[in-house]
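Step one of this worksheet: look at the structure below.
Counting convention: from 1, in listed order, for ligands and their atoms alike.
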Amino acid sequence: MSELIWTPTADDEQVAEALTEEAAGLLGGPVQGVWAAPGRVNLIGEHTDYNGGWCLPFALSHRTYVAVRRRDDGRLRIASRQASGQAWEGSVAEVGPATPGGWASYVAGVASVLAERVGAQALGADVLVDGHVPLGAGLSSSAALSCSVALALHDLVPELSGLDRADLASTCVRAENEVAGAATGGMDQSVSLRAVDGHALLIDCRDFSLTPVAWTLPDHDVLVIDTRAHHSLADGQYASRRAACERACSVLGVASLREVDGVDLEEVLGRLADDPEVARRVRHVLTENARVLDLVAALAEREAAEVGRLMGASHDSLRDDYEVSCPELDLAVESAVAGGAVGARMTGGGFGGSAIALVPRGQEEGVAGSVATAFADRGWEAPHFLTATPSAPACRVR
Ligand code: ADP
Ligand code: MG
């Protein structure tokens with residue numbers, strides 16, 4: 001067993017058994033089933049989703065489990081093993097932007113958005129959560145939570161049977177945006193609900209159509225480096241990046257930056273010359289879209305070195321043009337490559353969270369050790385590591 005790299009042993013049966021038992025005690029009766037939905041990493045294509053661009057995430061083997069029992073009185077009782085003392089009880093009808101607030105909004109928000117279709121009375125439920133995706137690490141524990149709940153309610157409420165997984169993903173996006181107050185562009189929910197085992201998903205964020213892309217590098221692993229850093233400016237910076245992209249669209253006279261994809265880059269940037277900062281943001285988005293498609297091609301050719309090079313170029317662009325990296329992410333990337341990674345980049349929105357490194361199988365410990373030493377040398381909190389394997393989408397486990 002590795003010393004540094006955390007590979008959780010979440011066995012579906014064991015988790016489902018323990019959760020079912022605990023739920024029976026806590027909620028006062030048996031649940032009807034247990035559902036699980038994965039977190040994700042994004043291989044490449046960052047800050048492209050809200051620009052109608054491309055991204056290439058895959059589902060982790062790390063998942064969030066929910067034990068659920070339907071209620072017929074329109075009430076919700078919600079508890080999580082990761083939020084002890086913060087259980088919530090209320091009615092579906094009262095759920096809104098300020099209610100319940102906190103973590104329970106991710107669960108209640110899904111019920112409330114689904115209630116628009118079939119009425120609040122039908123969406124009552126008792127829910128006990130057990131998350132095995134690290135929280136707040138940029139690995140989308142939030143989508144793992146909302147998606148597991150959405151699938152559970154879909155399976156338990158017959159009136160929802162007409163909804164497909166794309167509908168459930170957009171339900172979760174709305175729950176996160178409108179109830180939990182979290183800005184999210186739709187990549188996370190799509191991959192959590194619609195991943196294909198052993199594949200990354202090429203997502204065209206113009207219409208959220210998906211193309212599975214086989215993971216063709218069996219002699220390489222993706223090492224996730226959770227920097228443990230969380231810079232509080234993240235939310236405001238996310239909003240300001242979106243605003244910059246919208247400004248660019250209005251100058252360019254397009255609805256989305258996707259519309260200038262394929263147009264000569266220098267020409268586009270020339271039209272934005274009055275605002276060099278906006279031009280740099282756009283340069284990131286357009287070059288990142290191209291890198292996503294190049295990485296898909298490199299995977300098809302099994303060219304690990306090219307995959308690594310594109311990851312590095314993505315990081316440079318996020319650091320220099322989009323300016324969403326931070327010292328911890330930069331050091332994680334530099335020290336991973338110095339330790340033997342083929343390439344590395346920040347993943348997720350930035351300002352903390354995780355980086356990913358493409359590592360030849362067997363060298364994970366060396367790479368993790370190099371990163372851990374670099375962090376220790378600065379006196380920073382020790383990063384966490386886990387190995388990411390392209391895994392299956394949300395499903396019912398019991
Ligand atoms: P990420 O999605 O990258 O993990 P977010 O900040 O988007 O980071 O989501 C983390 C939030 O999601 C937590 O602060 C909490 O509110 C909620 N959450 C996720 N998983 C759980 C869980 N197992 N139990 C309770 N809350 C959870
Ligand atoms: Mg999230």
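Side-chain atoms of S354 never come within 3.5 Å of backbone atoms of T347 as a donor-acceptor pair (strictly under, hydrogens ignored). The backbone N or O of T216 lies less than 3.5 Å from a partner atom in the side chain of R302, making a donor-acceptor pair. For S391 (side chain) and D197 (main-chain N/O), no donor-acceptor pair under 3.5 Å exists by modelled atom type. At least one donor-acceptor pair under 3.5 Å links the side chain of T227 to the backbone N or O of G353. Remark: side-chain polar atoms of N177 are paired, donor with acceptor, to backbone N or O of T184 under 3.5 angstrom. The backbone N or O of G131 sits less than 3.5 Å from a side-chain atom of Q82, completing a donor-acceptor pair.
In the displayed structure, E21 atom CD is contacted under 6.0 Å by at most 12 heavy atoms of other residues, nucleotides or ligands.
Protein heavy atoms come within 4.0 Å of atom 26 (N) of ligand 1.
Counting heavy atoms closer than 4.0 Å to ligand 1, residue S141 contributes atoms from both its backbone and its side chain. Using a 4.0 Å cut-off between heavy atoms, T64 makes no contact with ligand 1 at all. Residue A137 touches ligand 1 through its backbone alone, judged by heavy-atom distances below 4.0 Å.
Protein N/O/S atoms closer than 2.8 Å to the Mg ion (ligand 2), listed by chain and residue number, are S142 OG.
Each of the atoms 23 (N) of ligand 1 lies under 4.0 Å from some heavy atom of G131. Residue-ligand proximity, G138 to ligand 1, at heavy-atom distances under 4.0 Å covers atoms 3 (O). Close approach of ligand 1 to S80 (heavy-atom distance below 4.0 Å) involves ligand atoms 22 (C), 23 (N), 24 (N), 25 (C). Residue L139 approaches ligand 1 through these ligand atoms, each under 4.0 Å from one of its heavy atoms: 3 (O).
Nearest to atom 15 (C) of ligand 1 among the protein's heavy atoms is W103 CB, 3.8 Å. Counting protein heavy atoms only, atom 23 (N) of ligand 1 is closest to Q82 OE1, 3.0 Å. Here the heavy atom of the protein found nearest to atom 12 (O) of ligand 1 is Y106 CE1, 3.7 Å. Annotation: atom 9 (O) of ligand 1 to nearest protein heavy atom, S142 CB, 3.3 Å. The nearest heavy-atom contact from the protein to atom 18 (N) of ligand 1 is L145 CD2, 3.8 Å.
Under the 3.5 Å distance criterion, with hydrogens and angles disregarded, no donor-acceptor pair is assigned to the side chains of D320 and H284. Side-chain atoms of Q86 and S80 include no donor-acceptor pair closer than 3.5 Å.
With respect to the salt-bridge test (charged N to carboxylate O, under 4.0 angstrom), the residues D73 and R75 do not qualify. We find that D221 and R361 are joined by a salt bridge, their nearest charged nitrogen and carboxylate oxygen being less than 4.0 Å apart.
Taking distance alone, with nitrogen or oxygen atoms compared against 3.5 Å, L135 stays at or beyond that limit from ligand 1. Remark: ligand 1 and G136 share an N or O pair separated by less than 3.5 Å (distance only, no angle test).
For the pairing with S314, the side chain to side chain donor-acceptor pair (under 3.5 Å) check across E46, R291, E288 returns one residue only, E288.
Taking the six-membered ring where the residue is Trp, Y50 and Y238 present perpendicular rings, their angle passing 60° and hence far from 30°. Under the 30°/60° scheme for interplanar angles, the aromatic rings of H132 and Y65 are found to stand perpendicular.
Residue contacts with ligand 1 do not include A182, since none of its heavy atoms lies under 4.0 Å from the ligand.
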